[in-house]
Amino acid sequence: MELNNIVPLPASFFARPTLEVARDLLGRWLVHEHPSGVCLVGRIVETEAYRQDDPACHGWRLVNPSTGKVLPEGRAYDLFAAPGTAYVYLNYGMYWLLNVVTEPEGVGGAVLIRAVEPIAGLHFIQARRPSARKPYELTGGPGRLTMAFGIDGSYHRRPLTGPPLYFAAGNPVSEAEVATSPRIGLSRGTDRHWRFFVRGNPYVSPAPRQR
DNA sequence: ACGAGGATGCTCT
DNA sequence: GAGCATCCTCGTG
């Protein structure tokens, strides 16, 4: 894959309302120039939005509802970092989940990258997902995606606006192809339909039964 | 096809 | 100690 003409999406792309960014990331490319020298590219087909006014967001507790002041404490404070910053955390003790911080610095928000469709580096991806038998088992699901792309906690708080890990323009998705649903795996904020995905795409993770 | 249950560690109460 | 923005394996139908 020739990377000379791939231009990273700038921080201004992410300094917008979180729902807008989550929707706009569909069809864009996630690019990882892996330390091994392999270049991995995936077309984003599923995202979720998390906002500071949202009980499912890690940063929710940090905001004083009456004053609007933000407590600069704990992991979740990193959701208030500069737009385009990585927010990577370990969930269920085993899986790294990749988010990109949104909104202007000081406002909490992030988009969770939930699924991509492989475009380059398929051999590498398959080697990291030996049990995959269906497309979505390769790179569909936020934990599977980071395993397949070799993304871990070492990327936390690093800028996603240039190598080695960044987004590229790709081909935006038309409105007709976009579907929404409640977010997956939550016990709070389930009334908000802030999951965005490409309708019918085989790499979209199947929604599990409700908890 | 579907559901139950286990793995495993960090954050917050 | 509880709760997790998950995934995998192994039952049963």
Side-chain angles (χ1 to χ4, degrees), chain A residues 14 17-19 21-23 25-26 30 42 44-65 70-81 85-103 107-116 118 125-157 160 165 179-198 202-211:
Chain A
F14 304 98
T18 306
L19 299 186
V21 176
R23 156 70 184 82
L25 275 173
L26 294 179
L30 176 67
I44 296 170
V45 296
E46 182 183 353
T47 62
E48 280 177 0
Y50 291 85
R51 294 201 323 211
Q52 68 174 46
D53 63 347
D54 156 24
C57 182
H58 291 165
W60 186 57
R61 275 192 191 78
L62 296 188
V63 183
N64 183 316
V70 180
L71 290 172
E73 292 169 3
R75 164 188 73 178
Y77 186 60
D78 295 333
L79 287 168
F80 298 78
T85 301
Y87 180 87
V88 183
Y89 81 99
L90 188 66
N91 116 122
Y92 290 97
M94 280 168 289
Y95 304 106
W96 295 107
L97 269 55
L98 172 67
N99 295 255
V100 56
V101 172
T102 54
E103 313 271 354
V107 179
V111 173
L112 171 68
I113 311 302
R114 285 196 59 92
V116 302
I125 290 168
Q126 286 173 327
R128 296 213 161 210
R129 304 285 308 131
S131 66
R133 280 175 285 276
K134 301 173 184 171
Y136 79 84
E137 292 174 334
L138 206 54
T139 52
R144 297 190 186 104
L145 153 61
T146 55
M147 285 188 265
F149 271 59
I151 295 166
D152 62 25
S154 68
Y155 284 93
H156 183 57
R157 290 190 52 77
L160 298 177
L165 184 61
T180 64
S181 81
R183 293 166 296 179
I184 290 178
L186 305 182
S187 59
R188 295 179 302 187
T190 53
D191 55 319
R192 307 178 188 215
H193 291 207
W194 289 355
R195 173 175 175 249
F196 300 83
F197 58 98
V198 178
Y203 291 89
V204 171
S205 63
R209 283 195 86 70
Q210 264 195 334
R211 309 189 168 192

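Given the structure is predicted, the values throughout are model-derived calculations rather than measurements. Every chain is numbered from 1 and lettered A, B, ... according to where its sequence line falls, protein lines coming before strand lines.
- Under 4.0 angstrom from either OP1 or OP2 of B:dT11 there lies no side-chain N or O belonging to A:H58.
- Comparing C:dC7, C:dT6, B:dG9 against the side chain of A:R144 picks out C:dC7 as the nearest.
- A:W60 has its CH2 atom 16 Å from the C1' atom of C:dC4, to the nearest Å.
- In this structure, A:R75 places its CZ atom where more than 12 heavy-atom neighbours from other residues, nucleotides or ligands lie under 6.0 Å away.
- Going from atom OH of A:Y89 over to atom P of C:dG3 covers 16 Å, rounded to whole Å.
- Remark: B:dG9 base-pairs with C:dC4; criterion is Watson-Crick or G-U wobble with both hydrogen-bond distances under 3.5 Å.
- Relative to the side chain of A:R129, the nucleotides C:dC7, C:dT9, B:dT11 differ in distance, and C:dC7 lies closest.
- For A:N91, counting side-chain heavy atoms from C-beta on, the closest listed nucleotide (B:dT13, C:dC4, C:dT6) is C:dT6.
- Atom OH of A:Y136 and atom C1' of B:dA1 are 11 Å apart (whole Å).
- Rounded to an integer number of Å, the gap from CD of A:E46 to P of C:dT6 is 10 Å.
- One interatomic measurement links the two molecules: CG of A:L97 to P of B:dC10, which rounds to 15 Å at whole-angstrom precision.
- Atom-to-atom, CG of A:L98 to C1' of C:dA5 comes out at 12 Å; the value is rounded to the nearest Å.
- Between A:S187 and the phosphate of C:dC4, there is a side-chain N or O to OP1/OP2 separation shorter than 4.0 Å.
- By the 6.0 Å and 45° rule, A:R144 does not stack over the aromatic ring of A:Y203.
- The nearest whole Å value for the distance from the CG atom in A:D152 to the P atom in B:dG9 is 15 Å.
- Side-chain nitrogen and oxygen atoms of A:R188 include none within less than 4.0 Å of the OP1 or OP2 phosphate oxygen of C:dG3.
- For A:Y50, counting side-chain heavy atoms from C-beta on, the closest listed nucleotide (C:dT6, C:dA5, C:dC8) is C:dA5.
- Nearest to the side chain of A:Y95, among C:dA5, C:dC7, B:dC12, sits C:dC7.
- No side-chain donor-acceptor contact under 3.5 Å links A:E137 and A:S131.
- Of the candidate nucleotides C:dC7, C:dT6, C:dA5, C:dC7 has the atom lying nearest to any side-chain atom of A:M147.
- Distances were taken from every side-chain heavy atom of A:R133 (C-beta onward) to each of C:dA5, B:dT13, C:dT9; the shortest belongs to C:dT9.
- Listed nucleotides C:dC8, C:dT6, B:dA7 differ in distance to A:I184; the shortest reach to its side chain belongs to C:dT6.
- Residue A:M94 places its side chain closer to B:dT8 than to any other of C:dA5, C:dT9, B:dT8.
- To the nearest angstrom, C1' of C:dA5 lies 18 Å from CD of A:Q52.
- Of the possible polar contacts, one joining the A:T47 side chain to the A:A22 backbone as a donor-acceptor pair under 3.5 Å is found.
- Ring orientation note: the planes of A:H58 and A:Y87 are tilted relative to one another, at an angle of 30° to 60°.
- Nearest heavy-atom pair, A:G141 versus A:A115, reported as atom, atom and distance to 0.1 Å: N-CB, 4.0 Å.
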